[in-house]
Each structure stands twice: as C-alpha cells, then as structure tokens.
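As structure tokens, the structure follows; a few thoughts come after it.
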Amino acid sequence: MSVGSEQTGPPAHPGPGRPDPVHPGPGLPAGARQREVLLDAMAARPGSGLHVGQLHWRWYGSLDTRRFQAAWQTVYDREAVLRAAFAPYGTRGGPRVVVYPRVVAQPVRHPQGSADWQALLLSERQRDFDLTRPGPLRIALLDEQCGAGGAGGTGGAGGAGGPTRVILTYHQALLDGRSVRLLLRAFARAYLAEGAATGGERRPDLRDHLRWLAGQDLGPARAFWSAAAPPAGSATLPPTGDAGRPRARTGPVRTTVRLDPYEASRLRDWAAVRGVTESTALQAAWALQLRRAVPDAGPVTVAFAMAVSGRGIPLDGASRLPGPLRNPLPMSVDVDPGEPFARLLADLGDRAFDLAAYEWVSMGQVHAWSGREPDEPLTGTLLAFDPPAASGPDPLDEEFAAQGIRVTAPETVDAHSGFALSLTAHHDRDGGLVLTGVHDRTRIADAADAADAVHRTALLLREFPARVRESTTVGEALRLLGPRPQPPLPRPAGGARLVLLRPATRPGAGTVVLVPSPDAPAATPAPAEPGHRRLVALDGPADAADCLAALRPVLARGEPLTLSCPPAAAPLARELAHRITAHAWPTPPITITPPDAP
C-alpha cells in the first residue's frame with residue numbers, strides 16, 4: 001500500500017515519483033554515458049532489469065510511515081537528481097535531461113503476508129522505469145513477521161512487531177550505487193530530524209556535472225584513448241563451451257562466492273607487499289581467466305572493462321554528487337606466460353593510473369576513437385571493486401538506537417550492465433570479500449560456465465598469497481586454474497543486421513531505415529539512387545529488441561531517422577518508433593510503402 005493508506009497493490013502511477021504540473025524547461029544535453037545506457041535500455045527486452053540496481057536492508061523498531069515519507073520528501077526537495085527525467089520525445093541532438101521544480105515521493109508499503117520477499121525484490125527489479133518521468137529511484141517496504149529471516153527485533157515495524165524490509169531500486173541512467181548510499185544517509189538524517197529539512201539544494205548537482213562534461217576538451221582524451229583502446233583480436237571472454245547453443249531470452253543469473261575474513265586479510269597483505277591493491281589482484285586473476293581461453297603458447301592481449309567511480313574529476317564536490325558518474329572503461333594488457341607475474345601486476349597498476357585522468361569518457365566514445373567497426377565490441381566483461389565501508393561505529397546508528405530503532409547494513413543487488421559477465425567485489429561487515437558475478441544468458445548460455453569463471457577467480461585470490469612469489473611466472477600462475485578447456489565450436493551468427501544500400505551525400509542528412517516484412521528476402525546492396533539521406537535495411541529474422549540493437553549506431557549519431565516499411569511490417573515499425581520515443585529519442589516518422597513497391 002502507499003505510505004499513509006490502507007490500499008494494497010501497486011501505486012496508481014507506476015513510476016517512483018509524481019511531478020507537479022510545471023514545465024521543467026529545455027534541460028541540458030545528456031552525457032555520453034547516459035546516452036549509451038538509454039540505447040541499451042531501448043534494445044532490452046521488457047523485464048530484463050538491464051541497468052537496474054538495488055539496495056535493501058531491515059528496519060527493526062517503530063517505522064512511522066508519515067515521518068518516513070516526509071523524510072524522503074525532504075531528500076527529493078534537496079536532490080535535483082531525484083526530480084530529474086529525460087525530456088519526452090527528445091530533440092534532434094539526442095536526449096536531454098530536465099529537472100522538475102518539485103516531485104512528490106511515493107513510497108509503497110506492502111502489509112505483512114501480502115508479498116513474498118524474494119518475489120518482491122525480483123519484481124521491483126524487473127518492473128521497467130519510465131525514464132521520461134521523474135525520478136530514477138523507487139522505494140518499497142515489506143512488513144515481516146517477528147523473527148522472519150533472522151534475529152528478532154525491537155517490535156513495532158510491521159505486523160506482530162516484526163521488522164520491515166526496505167528496498168531502493170534505481171536506474172543507472174541517472175544514479176549509481178554510490179549515489180544511492182549518499183541519498184540513503186541524507187534520508188537517515190532527515191528521518192532523525194522528524195522529516196524536517198536539513199539544508200538547501202545540494203550543489204554541485206546533476207546539472208553542474210552535465211555542464212562540466214559539455215565543457216571538456218575532447219582532444220587530449222581522444223589522443224589518449226586512440227592509443228590506449230584494446231587492439232582488435234584481444235581475448236575478451238573466459239572459456240565457455242556453449243558456442244553452438246541457442247541464446248536464452250531470460251534474465252541475468254547471479255553467482256556469489258565469499259573469501260572469509262582470514263583469506264581476505266591475507267590477500268590484502270600479499271597485494272600491499274607488492275605495491276598494488278586488492279583491485280589490481282582481482283584484475284590479474286581475471287586477466288588469467290581470459291588468457292586461459294586462448295590455446296596459443298605465447299603472449300596474448302586480453303581486454304576487459306573496469307568500473308571507475310567517475311568522481312576523481314576536477315569538479316568541486318564531485319565526491320558527494322549523486323548522479324550517473326560510475327563508468328566502465330576498457331583496459332587491455334599483454335599476458336605472457338614467460339614473464340614474471342610481478343610484471344603483470346605492475347602493468348595493470350600502470351594502466352589503471354593512466355586512465356584515471358579520463359574516467360569521465362564513455363565506453364562509446366572510446367569505441368568511436370578506436371576506429372573499430374560498430375559491431376566489434378572492445379570488451380565482453382566488466383570488473384568492479386567497491387570501496388570498503390567506513391570502519392568504526394556509525395553515529396547515525398547510535399542516534400537511531402536512542403529512538404529504539406536498529407537498521408541492518410544495506411545489501412547490494414548489482415545491476416546487470418549489458419556485459420556478457422560482470423564481476424563485482426566488496427567487503428562485508430565481517431571483513432570477508434564477496435565476489436558477485438552477473439552473467440547475461442543471451443551472451444553466455446551455460447550458467448555453469450559463468451559460475452565456473454567466478455569460482456575460479458575466487459580460487460586464484462585464495463591461492464595468490466600462498467603460491468605466487470616474486471619469482472613466479474605468469475605461466476605458473478596460469479597452471480593454478482587447471483587444464484585448459486577445449487575451445488568451443490563457432491556459433492552461427494543470428495539476429496538483425498544493417499545493410500547499407502546508399503550512403504548519405506552530406507554529414508547530418510539523416511538515415512532512412514527499411515523495415516522488411518517477415519517473409520522478405522535478404523537485403524542486398526544496390527546501386528545508388530536519387531536521395532541525399534543514408535539508406536539502410538534491417539536484414540535477418542528478428543524482433544524489436546534485435547532490430548534496435550542493430551540500429552544502435554544509427555541512433556547514436558543523433559541525426560534524423562525515418563522508418564519505411566511495407567504494410568506487413570507496420571506493426572514492427574510502430575513498436576520500434578514507440579520504444580525509441582520512450583527512451584527520449586525523437587519520434588521517427590513512419591512511411592508505409594505500397595505492397596507492390598520494390
């Protein structure tokens with residue numbers, strides 16, 4: 001039920017907030033990373049949970065629903081990002097971010113027994129965001145029975161005095177995990193202050209960050225990344241045996257492995273002695289996994305993406321700025337079995353240091369500067385190492401305890417970020433190191449292969465302190481992973497592809513996309529015909545998601561787009577236009593050709 005009411009079920013408006021009817025103005029151009037997230041979301045299948053993350057915890061003690069909502073309203077009033085959305089219908093230059101003057105927070109509370117916890121967590125993650133409505137955060141609560149799922153509480157939170165589960169679900173187009181934790185602390189302070197305002201609007205805010213991005217000189221970044229981008233032919237995926245299997249259409253699969261506090265402490269000490277961090281050790285373990293997929297005996301270049309905070313930029317207050325700053329960037333390194341393992345660690349550390357100066361650049365920009373073909377990805381996997389939580393008692397916990405309230409440490413459900421496999425490491429409250437792998441079954445069909453890669457990475461992190469010395473070679477470290485698996489058979493290509501029928505006569509002229517009927521023959525390049533716009537055809541049996549994935553390079557240009565189709569393909573063209581509009585791009589016009597047209 002909505003906070004303060006007795007009505008069960010979903011809220012009247014499925015979005016996370018309700019704006020006042022005040023026009024927010026023209027807004028600001030979305031950042032490059034935001035545009036790429038929107039393009040990913042546009043091509044995703046409904047309910048995939050792509051770019052959707054979660055934070056959840058238990059609340060023991062009295063939870064005053066009106067005070068809870070008032071506290072969140074205070075945060076909404078202070079934080080521009082919670083009142084932000086993408087302007088509907090878009091503009092010729094692409095998506096724009098608008099900030100509404102006021103948005104009403106709408107937490108939803110589910111009474112005890114009305115929902116299963118795991119089912120609610122999943123349904124919140126799979127429920128699509130309307131990114132043209134503010135804001136990017138949903139708040140849900142579930143009352144539990146006393147003693148459900150753990151130790152008893154202090155009563156008063158839900159039915160029979162049980163605790164309340166609180167879920168924050170967010171979209172990476174406007175927020176990242178660090179931002180949500182900043183917002184959570186702002187909410188806690190507001191709740192302790194009886195919902196009263198705790199200051200004016202935060203500055204800098206999302207708008208300041210967008211202006212900062214728009215003012216950057218791309219020349220030095222282009223020069224750096226043109227040389228630093230992973231070279232063509234790099235190894236990008238761990239060993240898998242599912243190359244000939246059909247791609248699954250279901251959502252991502254998660255695998256979790258934990259190093260206990262002793263193992264985590266030993267790894268930290270081992271890395272420190274070698275002048276590197278645990279994050280570098282994780283990168284080295286993953287580089288070995290990627291190298292293991294290649295049977296060649298000599299050096300092999302491997303490539304993966306590394307998540308950076310995006311907050312190490314020369315913008316005052318960036319470290320405290322809630323927004324979509326976290327950013328994946330490509331990293332490549334040569335893995336030579338004959339070289340010392342210490343050399344691999346040093347190379348990884350140097351590369352991480354070099355790219356820190358350009359952590360505001362998006363993966364799509366790097367791809368464009370690399371000169372690679374649009375359908376040739378730079379990487380296939382993503383690594384992230386979340387910083388450890390602050391040590392020592394939290395003053396906010398003490399203030400809550402004084403009011404008879406206890407809250408557990410927030411737990412994270414990592415977002416599926418569109419990579420074949422992403423691996424996130426973080427320290428838990430007990431000092432253990434938790435590895436969470438999220439793999440996309442449309443990219444790696446066999447869950448056992450993805451889970452094996454996560455478990456073998458944990459194995460390496462356990463073995464490094466005991467088995468890797470100064471004299472250890474990369475080849476000796478590789479042998480810790482066991483025998484190399486047999487390479488899989490090539491997987492036949494599938495899905496939609498774009499066929500160029502006519503180039504544009506001038507830059508910015510736009511593109512006409514021919515959407516064929518389901519039984520149309522394959523498109524073939526034809527001699528140039530009159531017309532100044534680029535002419536391309538979608539080819540291959542595919543649904544709307546596959547078509548939008550193929551259209552991504554066209555949409556990324558931000559140029560005028562027209563869909564042309566015969567009557568039989570009109571339903572598919574309309575669905576494409578609807579999804580393009582729903583993700584803040586300009587609505588493409590549709591022209592329907594006569595049935596007998598060539």
Side-chain angles (χ1 to χ4, degrees), residues 3 53-65 67-69 71-72 75 107-125 137-170 175 177-192 254 256 258-261 264 386-415 424-436:
V3 169
Q54 289 178 313
L55 202 67
H56 62 88
W57 69 96
R58 276 194 176 95
W59 179 297
Y60 293 94
S62 176
L63 194 158
D64 185 322
T65 54
R67 182 177 169 187
F68 185 90
Q69 184 173 20
W72 273 114
V75 180
V108 178
R109 188 165 189 172
H110 300 268
Q112 176 185 317
S114 63
D116 173 75
W117 160 244
Q118 290 295 339
L120 178 63
L121 194 67
L122 179 62
S123 67
E124 283 292 308
R125 194 163 62 248
L137 183 73
R138 285 199 292 258
I139 308 163
L141 303 95
L142 174 63
D143 294 325
E144 292 186 324
Q145 295 181 355
C146 185
T154 56
T164 298
R165 296 263 201 173
V166 186
I167 311 171
L168 304 183
T169 306
Y170 62 93
L175 284 172
R178 184 168 176 176
S179 299
V180 177
R181 289 181 179 269
L182 289 169
L183 297 173
L184 175 56
R185 291 192 68 81
F187 156 77
R189 287 190 290 268
Y191 189 91
L192 290 167
R254 288 173 166 79
T256 300
R258 181 177 184 267
L259 275 66
D260 65 36
D386 292 340
S391 59
D394 188 337
L396 292 180
D397 289 343
E398 298 175 4
E399 293 186 51
F400 274 117
Q403 299 187 22
I405 300 168
R406 179 172 66 87
V407 293
T408 60
E411 298 180 42
T412 300
V413 180
D414 295 304
T424 301
H426 76 274
H427 289 280
D428 59 23
R429 280 291 182 94
D430 297 326
L433 183 63
V434 181
L435 305 182
T436 303

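Quick note: residue numbers are just sequence positions, from 1.
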Could you measure the distance from the [atom1] atom of [X] to the [atom2] atom of [Y]? Nearest 0.5 Å is fine.
X: L120; Y: I167; atom1: CG; atom2: CD1; result: 4.0 Å
X: L137; Y: L184; atom1: CG; atom2: CG; result: 10.0 Å
X: L63; Y: D143; atom1: CG; atom2: CG; result: 8.0 Å
X: E399; Y: Y191; atom1: CD; atom2: OH; result: 13.5 Å
X: L142; Y: D116; atom1: CG; atom2: CG; result: 8.5 Å

Residues at least two apart in sequence or cross-chain that pass side chain to side chain donor-acceptor pair (under 3.5 Å) with S179, listed by chain then number, are D176, R311
request  = Indicate the ring-plane relationship of F187 and W59, choosing parallel, tilted or perpendicular according to the 30° and 60° boundaries.
outcome  = tilted
For [X] and [Y], which heavy atoms make the closest approach, and how far apart are they?
X: H56; Y: R165; value: ND1-NH1, 4.4 Å
X: P410; Y: R181; value: O-NH2, 3.6 Å
X: A409; Y: W57; value: O-CB, 4.2 Å
X: R406; Y: T408; value: NH1-CG2, 4.0 Å
X: L396; Y: A188; value: CD1-CB, 4.0 Å
X: L141; Y: P107; value: CD1-CB, 4.1 Å

Sequence neighbours excluded, the answer for salt bridge (charged side-chain N to carboxylate O under 4.0 Å, His left out) partners of R67 is E194
Apply side chain to side chain contact (heavy atoms under 4.5 Å, CB included) to T412 and T424, showing your working. CA-CA 10 Å; T412 300; T424 301; over 6 Å; no
One pair to check against side chain to side chain contact (heavy atoms under 4.5 Å, CB included): L183 and Y170. What are the steps and the verdict? CA-CA 11 Å; L183 297 173; Y170 62 93; over 6 Å; no
- Could you tell me whether the side chain of T256 reaches within less than 4.5 Å of the side chain of L435, counting heavy atoms only? no
* Worked check of side chain to side chain contact (heavy atoms under 4.5 Å, CB included) between R258 and D428 -> CA-CA 9 Å; R258 181 177 184 267; D428 59 23; 2.7 Å; yes
Test side chain to side chain contact (heavy atoms under 4.5 Å, CB included), reference H426, set D414, L433, V434, output is V434
Could you walk me through whether E411 and V413 pass the side chain to side chain contact (heavy atoms under 4.5 Å, CB included) check?
CA-CA 7 Å; E411 298 180 42; V413 180; over 6 Å; no
